[in-house]
Amino acid sequence: MEDKQRLVDGGDPDWMSRLPDELLDVPLWNLAIPGSHDSMSFCLDVSSPVLRSEPCLLRVTDKLFPCFTRTCVYRWATTQLSVLSDQCDLGVRFLDLRIAKKPAGGSSLFFAHGIYTLMTVKEALGDLAAWLDAHPKEIVLVCCSHFESLTDEDHAHLVEFITWVFRRKLCSSQETPTLRSCWSKGEQVIVSYDNQQMILQHPELWAGIPYWYADSPDPKKVVGYLDEQMHKGRPAGFYVSGLNLTEDAPYVVLHPLQSMRKMTSKALSLLLRWASVQRPGPGPGGVNIICCDFVDISQFCSIVIDLNYKRLSVAAPKPVASSSSTAACSHSNQTDA
């Protein structure tokens with residue numbers, strides 16, 4: 001309970017509703033939005049097998065030494081510490097949901113990152129819908145991807161549940177969403193669904209959102225990669241700049257006592273410094289969604305949220321939140337309003 005209260009007290013659960021009028025008609029892909037990488041990895045199940053899509057050597061090791069293998073995968077695959085509602089309370093508005101079906105899990109769908117989660121998709125999305133009810137002016141982007149072992153029937157049932165649980169909160173992919181336009185229609189959810197067949201059948205679903213990540217454990221290479229990509233020009237619609245580090249097998253072998261959290265903690269100073277000097281907008285260097293691991297152990301969310309105030313024509317002080325922020329962290333060719 002103390003940890004949860006700390007997250008709530010240090011968060012920014014209604015930051016979108018407090019943005020100045022000057023930003024209310026800006027397309028959401030031209031605002032700075034905090035996101036969490038592998039958002040559901042806080043509830044990985046150490047007793048579950050590794051995914052079928054993992055390298056053959058890892059799957060063989062899992063069969064021979066499951067306790068050792070799964071504990072190791074858990075340490076490196078856990079990238080978040082708190083449930084989705086707590087992440088949203090911190091200010092996160094982009095959720096990276098990697099959906100999977102367990103080999104012997106019946107019809108239920110779960111999430112996965114190396115191994116499977118304890119929480120089902122229905123439980124997580126139901127909790128998110130309840131959070132949105134309590135925060136009617138906040139807009140969340142839900143990115144559904146990977147779909148490990150899902151059949152066409154599974155996809156159909158999943159999309160049916162998404163449309164049921166969010167109902168009128170869904171923002172159509174045919175729109176150019178702004179805060180004001182979403183508020184006027186009661187829309188709060190943009191669902192990106194990385195499956196072309198479902199996209200063609202359901203106009204309420206958005207295409208997959210580009211995610212820039214360096215695939216490196218070195219934070220200098222991460223920010224260097226992002227700078228290089230931005231120099232080439234940003235996508236016209238939603239896109240993600242990933243501040244998340246990526247371990248590889250040699251790194252894990254050379255750092256047997258480390259974990260993803262320790263690796264991220266050491267790199268946060270450089271990663272957050274990069275984020276703090278960015279500016280949102282339609283130009284070549286304009287950021288949109290910025291994702292990070294362990295969003296609740298630093299000032300990541302408040303740093304990204306504050307970038308939006310750089311768009312104001314006249315410098316104005318940021319409105320003071322109800323409590324100080326001490327926590328972390330595609331589709332359209334439209335441009336800025």
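For the single chain, residues carry numbers from 1 onward in sequence order.
Put simply, the residue from V50, V252, V46 that forms a side-chain contact (heavy atoms from CB on, under 4.5 Å) with V73 is V50.
Between the side chains of Y116 and E148, not a single donor N or O lies within less than 3.5 Å of an accepting N or O. Using a 3.5 Å distance cut-off with no hydrogens or angles, the side chains of S36 and Q87 do pair a donor with an acceptor. A side-chain donor from one of N244 and Y211 sits under 3.5 Å from a side-chain acceptor of the other. One side chain, T79 or S41, offers a donor N or O that lies under 3.5 Å from an acceptor on the other.
A salt bridge links D21 with R180; the closest basic N to acidic carboxylate O contact falls under 4.0 Å.
Aromatic rings from F42 and F111 are positioned such that their centres are separated by 6.0 Å or more. The aromatic ring centres of W212 and Y239 sit less than 6.0 Å apart.
The number of heavy-atom neighbours closer than 6.0 Å to CD of E160, taken from other residues, nucleotides and ligands shown, is 12 or below.
Annotation: salt bridge (Lys or Arg N to Asp or Glu O under 4.0 Å) contacts involving residues 132-141, sequence neighbours excluded, comprise R93-E138, D133-K169.
Judged as a salt bridge (charged side-chain N to carboxylate O under 4.0 Å, His left out), and not counting sequence neighbours, R167 has no contacts.
T78 places none of its side-chain heavy atoms less than 4.5 Å from the side chain of R261.
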